[in-house]
Amino acid sequence: AQSVSQHNHHVILSEAASLELGCNYSYGGTVNLFWYVQYPGQHLQLLLKYFSGDPLVKGIKGFEAEFIKSKFSFNLRKPSVQWSDTAEYFCAVYTGGGNKLTFGTGTQLKVEL
Amino acid sequence: ETGVTQTPRHLVMGMTNKKSLKCEQHLGHNAMYWYKQSAKKPLELMFVYSLEERVENNSVPSRFSPECPNSSHLFLHLHTLQPEDSALYLCASSQDPRGSPLHFGNGTRLTVT
């Protein structure tokens with residue numbers, strides 16, 4: 001069965017620090033890749049997605065992610081985080097068979113002033 | 001405003017009770033989903049409906065019974081639940097069930113006593 005790994009469960013950064021959250025998956029075929037974010041007290045919402053084309057995708061609020069097929073990775077990055085980026089971030093992978101979208105366990109990011 | 005509305009927000013029920021969770025989407029989407037979110041675990045897909053037809057039943061116990069009367073409404077009927085079923089139940093919708101981004105509701109926090 002496919003799996004999605006987010007190795008960082010908790011990350012604490014100071015404002016203006018750079019962010020990179022790891023996401024690796026275990027499926028070797030064609031994938032759709034997503035990052036979702038859940039701000040405190042709010043619903044899960046889409047941050048960015050990759051379906052095809054340029055492997056570097058840009059999302060909302062200055063986030064970007066890079067799909068590296070050879071590494072089965074889709075890491076999330078932001079050059080300079082803000083306090084308002086405090087949230088839980090989920091990586092998700094869709095593999096096309098069986099309407100299956102698999103989520104990682106999430107990374108809790110806390111940005112300190 | 002998410003476009004996906006779930007009621008109730010909180011539910012406490014005994015193991016012998018019968019209750020239902022409701023979800024309504026206002027986005028014109030054709031697919032709807034139930035997910036279970038438990039602490040420190042990946043989101044677990046429970047059911048997928050596409051155009052009111054169930055297309056995925058992810059080995060969910062029969063004490064959970066979904067119903068999709070039309071493409072805008074989704075129910076999760078609950079009966080004889082166990083304490084380990086306590087979790088956040090999320091409804092989501094998407095344009096289609098083939099990897100389109102999900103739009104989530106705020107969830108129903110269920111506690112089984």
Side-chain angles (χ1 to χ4, degrees), chain A residues 1-10 23-27 29-53 57-60 63 65 67 74 87-108, chain B residues 1-7 9-10 23-27 29-51 53-60 66 68 87-109:
Chain A
Q2 68 189 44
S3 64
V4 179
S5 298
Q6 291 182 244
H7 305 293
N8 313 102
H9 298 294
H10 291 88
C23 174
N24 289 89
Y25 62 93
S26 62
Y27 184 74
T30 301
V31 293
N32 291 353
L33 300 163
F34 305 86
W35 276 97
Y36 287 87
V37 60
Q38 189 168 27
Y39 298 103
Q42 296 189 27
H43 63 280
L44 267 165
Q45 56 189 286
L46 182 69
L47 194 58
L48 49 76
K49 63 183 187 290
Y50 170 81
F51 285 2
S52 64
V57 293
K58 297 189 183 300
I60 59 173
F63 284 91
F67 170 48
F74 190 56
E88 192 161 14
Y89 294 81
F90 295 88
C91 180
V93 178
Y94 177 81
T95 59
N99 304 301
K100 191 75 171 181
L101 179 68
T102 303
F103 283 82
T105 52
T107 296
Q108 185 68 51
Chain B
E1 179 59 47
T2 75
V4 179
T5 303
Q6 288 188 245
T7 55
R9 293 294 301 272
H10 300 272
C23 177
E24 182 175 1
Q25 60 100 357
H26 315 277
L27 301 168
H29 287 165
N30 294 316
M32 296 187 76
Y33 309 74
W34 282 115
Y35 279 88
K36 178 182 179 182
Q37 186 176 26
S38 305
K40 300 183 180 180
K41 294 176 67 176
L43 266 71
E44 300 173 52
L45 177 64
M46 300 177 72
F47 302 104
V48 181
Y49 276 82
S50 175
L51 295 172
E53 179 182 346
R54 189 188 309 179
V55 295
E56 179 80 16
N57 179 347
N58 209 25
S59 302
V60 178
C68 187
L88 182 67
Y89 288 85
L90 295 172
C91 175
S93 70
S94 66
Q95 188 61 48
D96 59 64
R98 298 180 301 276
S100 295
L102 301 180
H103 294 252
F104 287 89
N106 285 307
T108 294
R109 174 68 64 185

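Numbers restart at 1 for each chain; the letters A, B, ... are given by sequence-line order, proteins then strands.
The line from CG of Leu44(A) to CG of Leu43(B) is 6.0 Å long, rounded to the nearest 0.5 Å. Separation of atoms CD (Gln38(A)) and CG (Leu90(B)) is listed at 7.0 Å; rounding is to 0.5 Å.
Remark: Tyr49(B) pairs with no residue by the ring-ring contact (aromatic ring centres under 6.0 Å, His included) rule, at least two apart or across chains. Taking the ring-ring contact (aromatic ring centres under 6.0 Å, His included) definition, one finds that Tyr39(A) meets it with nothing, sequence neighbours left out.
If you measure heavy-atom distances from Gln37(B) to chain A, the contacts under 4.5 Å come from the side chain alone.
Taking both residues in full, the closest heavy atoms of Thr105(A) and Lys41(B) are given as CG2-C, 4.3 Å, listed atom of the first, atom of the second, then distance. Here the closest heavy-atom approach between residue Arg98(B) and residue Asn32(A) is recorded as O-ND2, 4.2 Å.
Between the Tyr94(A) side chain and the Pro101(B) main chain, no donor and acceptor come within less than 3.5 Å of each other.
For the pair Leu101(A) and Leu102(B), the minimum side-chain heavy-atom distance is below 4.5 Å.
In terms of heavy-atom pairs under 4.5 Å with chain B, the best-connected choice from Phe51(A), Phe34(A), Phe103(A), Phe90(A) is Phe103(A).
By the 6.0 Å contact criterion, NZ on Lys49(A) is open, its count of non-hydrogen atoms from other residues, nucleotides or ligands being 12 or less.
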